[in-house]
Amino acid sequence: MDIEIRRKGRALIVSLGGELDLATAAEVKERVDAALAENSKVHHLIWDLENVDFIDSSGLGVLLGRYKQIQARAGKVVALKAVDPVRRVLRMAGMERIMQFADTEEQALAQIGGR
Amino acid sequence: MDIEIRRKGRALIVSLGGELDLATAAEVKERVDAALAENSKVHHLIWDLENVDFIDSSGLGVLLGRYKQIQARAGKVVALKAVDPVRRVLRMAGMERIMQFADTEEQALAQIGGR
Amino acid sequence: METVENKVVMRFPSKAANIGFARTAVALFASQLEFTLDELDEIKIAVSEAVSNAVIHGYKGTEGEITVTCRLTNDRLEITVKDEGRGIADVEQALEPAFTTEPEERMGLGLVFVREYMDKLEIDSEPGRGTSLFMIKSPTQARVHS
Amino acid sequence: METVENKVVMRFPSKAANIGFARTAVALFASQLEFTLDELDEIKIAVSEAVSNAVIHGYKGTEGEITVTCRLTNDRLEITVKDEGRGIADVEQALEPAFTTEPEERMGLGLVFVREYMDKLEIDSEPGRGTSLFMIKSPTQARVHS
Ligand SMILES: Nc1ncnc2c1ncn2[C@@H]1O[C@H](COP(=O)(O)OP(=O)(O)O)[C@@H](O)[C@H]1O
Ligand SMILES: Nc1ncnc2c1ncn2[C@@H]1O[C@H](COP(=O)(O)OP(=O)(O)O)[C@@H](O)[C@H]1O
């Protein structure tokens, strides 16, 4: 799994590439949790899912776990550029109740209030 | 396997798409042999391999069998736009001794003498 | 009349790395029927959940064998995912959304996805003996490739 | 020390449609090691030839079972393709370029390709009992994915 993490203002932008399942979940969790622990100024989390072509419930578990941490920081979570099959799984699991969807980074940053 | 056959002057142009192996060989043989039988004016055969992404010795057998028929008509055979992995297999089997390679249809037609 | 057109049996150890192999291989085999891309995605998810469950819950840390069997008839695909692990105590409960025996780690959505994405799901499980998921899916649109 | 890192066994009937499944599934499994795309293509061709031979020569029209086993160690992939068909009378001869028992249809290149594209090939065959091809290939460039 390709994992790229950068900070933009008060948002952490995590770009993933590959298939997000049980085999790759642990590494994503670790990397993102470490970045969140290091950056106490970060309130929001943007998942750039453009290059994720598969996700199942183990992958959703990764997103949900990180959502709980962001919630504790009173921040927002955005799913950016999710491709159709991935977006379908996210919706089916009701993830639109806890995260927003965006098609561009600007849109994502605007949705979290530009902060 | 996608098979498209058209005539251009004294050449038959056969465009294939998919994987050329034992599972698809019979259909290609039948279709091309029928076209050759119908078109006694056809002397040359151009295989457009642009969309063939796999070939093995069963696939080479198809090319070789048709080569023999074209040879009997004193014609030439050209392999057009073969992608690297396919070209490699063709070369390894020594097919460049019995067919020419071309990157464009014009080039292929020129190689068979424009006839 | 239903005739078995094709079949494949795959056996592999319960490693997380094999989950991706299993779902992709099954989708590859399934593409002999005229499934849409969406349907192939659904099959992939169902297989991914079933094999993940065998790895996480069935064998829980220990290594065991997982068997995935695909049978293809003229109009449907049958998939069986079998482990010889710990088994499920209460299958009805396991099927409930959000039920999981690993609340720290899991969402309890795996079997919900399998049921949602496949036409049919039957679970055969016995504590201490193992679990077998039998799933069926038919293409909505068409017949077997010629 | 060599340790088996992973393994998959696939069993399917000797249908031509399964040749493509077998080579693609093996390449998928092989991609756990750092093979180049060219090497993965070579593996595909070797598997395609071995499975085609089982279909055409091993079972010749009748239907039988083919077993493909992949074992992965830290630095190599071992593939076995096995049929319980007619077997090979003279293995040395079968390996000769252009030798074929089906001169109308075949080129006698299949085993030549297998030998060319794999690092090692061992053939175990007995007339009337079947044939087993054991092949090894190692990535030229690197180690196992982490
Ligand atoms: N193959 C299996 N072996 C043993 N237990 C299983 C198996 N599959 C499912 N279960 C049980 O059923 C529960 C619900 O499964 P599931 O809906 O997939 O959710 P999750 O995997 O998130 O726990 C699991 O928590 C586990 O207790
Ligand atoms: N699995 C097999 N079972 C029986 N005979 C085989 C098998 N594989 C190869 N052979 C024999 O070896 C010969 C050479 O095989 P090969 O080099 O693959 O060429 P081809 O398939 O073109 O005949 C075949 O013609 C056949 O007689």
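Chain naming here is simple, since letters A, B, ... match the order of the sequence lines and numbering starts at 1 in each. For the numbers below, each heavy atom of this structure counts, side chains included, while hydrogens, waters and symmetry mates do not. Nothing here was measured: the structure is a model prediction, and the numbers come from that model.
- Looking at residues two or more places apart in sequence or on another chain, you find no salt bridge (Lys or Arg N to Asp or Glu O under 4.0 Å) involving D:E96.
- Other residues, nucleotides and ligands contribute at most 12 non-hydrogen atoms within 6.0 Å of the CD atom of D:E105.
- A distance of 12.0 Å separates CE of C:M10 from CZ of D:R11, quoted to the nearest 0.5 Å.
- No donor-acceptor pair under 3.5 Å is formed between the side chain of D:K15 and the backbone N or O of C:K7.
- Pairs engaging residues 108-121 of chain D under the salt bridge (charged side-chain N to carboxylate O under 4.0 Å, His left out) rule: D:K120-D:E122 [sequence neighbours left out].
- Within residues 17-28 of chain C, the residues that have a heavy atom under 4.5 Å from a heavy atom of chain D are C:A17, C:N18, C:F21, C:T24, C:A25, C:L28, listed by number.
- Applying a 4.5 Å heavy-atom cutoff, none of the residues of residues 82-91 of chain C approach chain D.
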